[in-house]
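First comes the structure, then the notes that go with it.
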Amino acid sequence: MKPFVIRNLPRFQSTLRSSLLYTNHRPSSRFSLSTRRFTTGATYIRRWKATAAQTLKLSAVNSTVMMKPAKIALDQCIASLFTFLLLYILRRSSNKNKKNRGLVVSQNHTVSKNLETEVDSGTDVIIVGAGVAGSALAHTLGKEGRRVHVIERDLSEQDRIVGELLQPGGYLKLIELGLEDCVKKIDAQRVLGYVLFKDGKHTKLAYPLETFDSDVAGRSFHNGRFVQRMREKALTLSNVRLEQGTVTSLLEEHGTIKGVRYRTKEGNEFRSFAPLTIVCDGCFSNLRRSLCKPKVDVPSTFVGLVLENCELPFANHGHVVLGDPSPILMYPISSSEVRCLVDVPGQKLPPIANGEMAKYLKTRVAPQVPTKVREAFITAVEKGNIRTMPNRSMPADPIPTPGALLLGDAFNMRHPLTGGGMTVALADIVVLRDLLRPIRNLNDKEALSKYIESFYTLRKPVASTINTLADALYKVFLASSDEARTEMREACFDYLSLGGVFSSGPVALLSGLNPRPLSLVLHFFAVAIYAVCRLMLPFPSIESFWLGARIISSASSIIFPIIKAEGVRQMFFPRTIPAIYRAPP
């Protein structure tokens, strides 16, 4: 009998493969129907029977083993559910942190973020800016035992054309803060009063310093030298840290300021935290919008020159020329230099680059300056070192914010005609120091907020008097085509020329020695009434009555909007303003 060969068994092939797949066995090449080696049918059937028997045995074993995977699968299911629950909780916590601006507050009141570097939180006060206000404040709070971290954009000595005249009232505050030695060793000049020039006439106005020590007077100096001296003074205290960096934002959590985010000059990002952050980064502040309602007005621009090896007509006095169209100021800033500031109304200036500014100064301004300094003025113009600075005015309109406070030009500005900015800032620091003194722990948010609210009321007598006088006096000193304004300007010069109380009273207000808002208003309208009375001599007429009415109206239109911006209640009725403390403790 011949052996037969199985070549095509599709049904058998399918059955065989399925059985092999079930038993998880790979078919041997000997079972492959595509191999060239032929297998006899009898041999193949015998081997298939053996494989089937083995399959039955393995099936019995698998039925027993299948119980264990079921248990494993249940355990895996429970573990997966637990993992999903844990991930859900973590995700919710992450979303909550994002809503809180990425801040995580720990029990010791510090704030952290994983992606940025934290500065040691052992700080009581963060001060943004180390100008006149920031440096003085750092030294003052440091002396009180506070741990202070000051962050300043540029620690090099600055060359500015404003902030160079400190009134006697400001010098008294400097003494009160223990910083009077900061005007030494910088070639600062004593200032004893002002001299007004108008149409070839002049009048001398002395500060009423009779009741003060001989050292008390105004001081004029290079602003950069003065600021560097105060920074050095602050750094003599071990608990004051001064760092160069740019503060980019305030860190807020639930309406409370917790600290600042800043960038160093190397470009590294840091966060610093303290219970109180004080922003005093100057007139160009980019942080004030969250702490006040800024209403900045730019009525004019100062064009600054330095007159070298020049002597003023009256030594140790500031000189104010009531020129056309606006005032010209001159005062010494060293033993051999005189600062000259030419006020240009509006915001449009003659360009410096093409020589139009130099031409304007030579042809329009030079003929109006005193003869004694005219040659030095023209020489300074030809030298070409012409600087400009916009003059800003901004009434204080704070938004009370727990954990933060505004100070200096970042908070409140007035026209720099009277040089009152530093006096206001130093007076504010004295008030703040006295308010914070009884608070041992600044982490007491409730007490800190109440004291800060009182600060806004207590600062008003000095600040509002100097602010109102500066802005009102600038408008009176402007040349005008309006006849009533012209009469008011003439009357102001003549009123101050009368001497006695008519000059000492306004100068005491201007210098910060007598910061009384009511006295300011009385003197201002006394000038207006003086102007009207002159019109009635020798005999009144309908025209003089009409012009007199216009003068009173013009005076009212000048001062009342300023008072309104400063706050009528805050200036004249501070007792009606809610405040927990009426005087520094």
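This one's a predicted model, so the numbers in the text were calculated from it and none came from an experiment.
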Output the distance between atom [atom1] ([X]) and atom [atom2] ([Y]), rounded to the nearest 0.5 Å.
{"X": "Leu478", "Y": "Met488", "atom1": "CG", "atom2": "CE", "result": "13.0 Å"}
{"X": "Leu469", "Y": "Ser464", "atom1": "CG", "atom2": "OG", "result": "11.0 Å"}
{"X": "Arg271", "Y": "Leu251", "atom1": "CZ", "atom2": "CG", "result": "4.5 Å"}
{"X": "Ile529", "Y": "Ile552", "atom1": "CD1", "atom2": "CD1", "result": "5.5 Å"}
{"X": "Leu432", "Y": "Ile452", "atom1": "CG", "atom2": "CD1", "result": "7.5 Å"}
{"X": "Lys475", "Y": "Ile559", "atom1": "NZ", "atom2": "CD1", "result": "10.5 Å"}

In terms of ring plane angle, is the pair His319 and Phe197 parallel, tilted or perpendicular, where the classes change at 30° and 60°? parallel

Geometric class of the Phe502/Tyr495 ring pair [parallel <30°, tilted 30-60°, perpendicular >60°]: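 Geometry flag for Phe502 against Tyr495: perpendicular rings.
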
Between Arg392 and Phe284, is the side-chain contact (heavy atoms from CB on, under 4.5 Å) condition met? List the steps. CA-CA 10 Å; Arg392 290 173 168 80; Phe284 299 105; 3.3 Å; yes

Quick one: does any side-chain atom of [X] pair with a main-chain N or O of [Y] as donor and acceptor, under 3.5 Å?
{"X": "Glu269", "Y": "Gly267", "value": "no"}
{"X": "Ser135", "Y": "Val132", "value": "no"}
{"X": "Arg146", "Y": "Leu442", "value": "no"}
{"X": "Thr401", "Y": "Ile399", "value": "yes"}
{"X": "Ser449", "Y": "Lys445", "value": "yes"}
{"X": "Arg231", "Y": "Leu155", "value": "yes"}
{"X": "Ser326", "Y": "Asp343", "value": "yes"}
{"X": "Arg288", "Y": "Cys283", "value": "yes"}
{"X": "Gln189", "Y": "Asp187", "value": "yes"}
{"X": "Ser557", "Y": "Ser554", "value": "yes"}

Modelled atom types, side-chain donor and acceptor of [X] and [Y], under 3.5 Å:
{"X": "Tyr207", "Y": "Gln167", "answer": "yes"}
{"X": "Ser272", "Y": "His149", "answer": "yes"}
{"X": "Thr246", "Y": "Arg263", "answer": "no"}
{"X": "Tyr474", "Y": "Asn391", "answer": "no"}
{"X": "Gln228", "Y": "Arg225", "answer": "no"}
{"X": "His222", "Y": "Glu157", "answer": "no"}

Return the minimal non-hydrogen interatomic distance between [X] and [Y], and the atom names on each side.
{"X": "Leu322", "Y": "Lys198", "result": "CD1-CD, 3.9 Å"}
{"X": "Tyr451", "Y": "Leu435", "result": "CD2-O, 3.3 Å"}
{"X": "Tyr331", "Y": "Gly318", "result": "CB-CA, 4.2 Å"}
{"X": "Ser220", "Y": "Val191", "result": "OG-CG2, 3.5 Å"}
{"X": "Leu417", "Y": "Pro327", "result": "CD1-CB, 4.1 Å"}
{"X": "Pro402", "Y": "Gly255", "result": "CD-O, 3.6 Å"}

After noting the C-alpha distance and the side-chain angles of Met389 and Arg160, does the key distance pass the side-chain contact (heavy atoms from CB on, under 4.5 Å) rule? CA-CA 9 Å; Met389 180 70 178; Arg160 301 183 63 198; 4.1 Å; yes

Quick one: does [X]'s side chain get under 4.5 Å of [Y]'s, heavy atoms only?
{"X": "Pro294", "Y": "Arg289", "value": "yes"}
{"X": "Phe221", "Y": "Leu166", "value": "yes"}
{"X": "Glu243", "Y": "Thr264", "value": "yes"}
{"X": "Pro325", "Y": "Arg364", "value": "yes"}
{"X": "Phe572", "Y": "Ile563", "value": "yes"}
{"X": "Val260", "Y": "Leu250", "value": "yes"}
{"X": "Thr388", "Y": "Leu349", "value": "yes"}
{"X": "Pro517", "Y": "Lys460", "value": "no"}

Test side-chain contact (heavy atoms from CB on, under 4.5 Å) on Leu405 and Tyr456 and set out the steps. CA-CA 10 Å; Leu405 183 70; Tyr456 296 125; 3.3 Å; yes

Is it true that Arg550 and Asp482 make a salt bridge, defined as a side-chain N closer than 4.0 Å to a carboxylate O?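 Looking at Asp482 together with Arg550, the answer is yes, because their closest N to O distance falls below 4.0 Å.
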
Are Asp409 and Arg414 within salt-bridge range, i.e. N to O under 4.0 Å?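 So Asp409 pairs with Arg414 through a salt bridge.
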
Checking side chain to side chain contact (heavy atoms under 4.5 Å, CB included) between [X] and each of [options], which is the one that passes?
{"X": "Leu137", "options": "Val125, Asp428, Ile278", "result": "Ile278"}
{"X": "Ile127", "options": "Val279, Ile151, Val150", "result": "Val150"}
{"X": "Val338", "options": "Leu307, Val306, Ile333, Leu305", "result": "Leu307"}

Who pairs with Lys265 by side chain to side chain contact (heavy atoms under 4.5 Å, CB included), at least two apart in sequence or on another chain? Gln244

Mind checking what makes side chain to side chain contact (heavy atoms under 4.5 Å, CB included) contact with Ala217, not counting sequence neighbours?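 Only Arg190, Leu192, Leu209, Arg219 meet the side chain to side chain contact (heavy atoms under 4.5 Å, CB included) criterion with Ala217.
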
How would you list, by chain and number, every residue that makes a side chain to side chain donor-acceptor pair (under 3.5 Å) with Glu487, sequence neighbours excluded?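 Here no residue qualifies.
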
Verdict with reasoning, Leu276 to Leu436, per side-chain contact (heavy atoms from CB on, under 4.5 Å): CA-CA 11 Å; Leu276 178 59; Leu436 294 181; 4.0 Å; yes

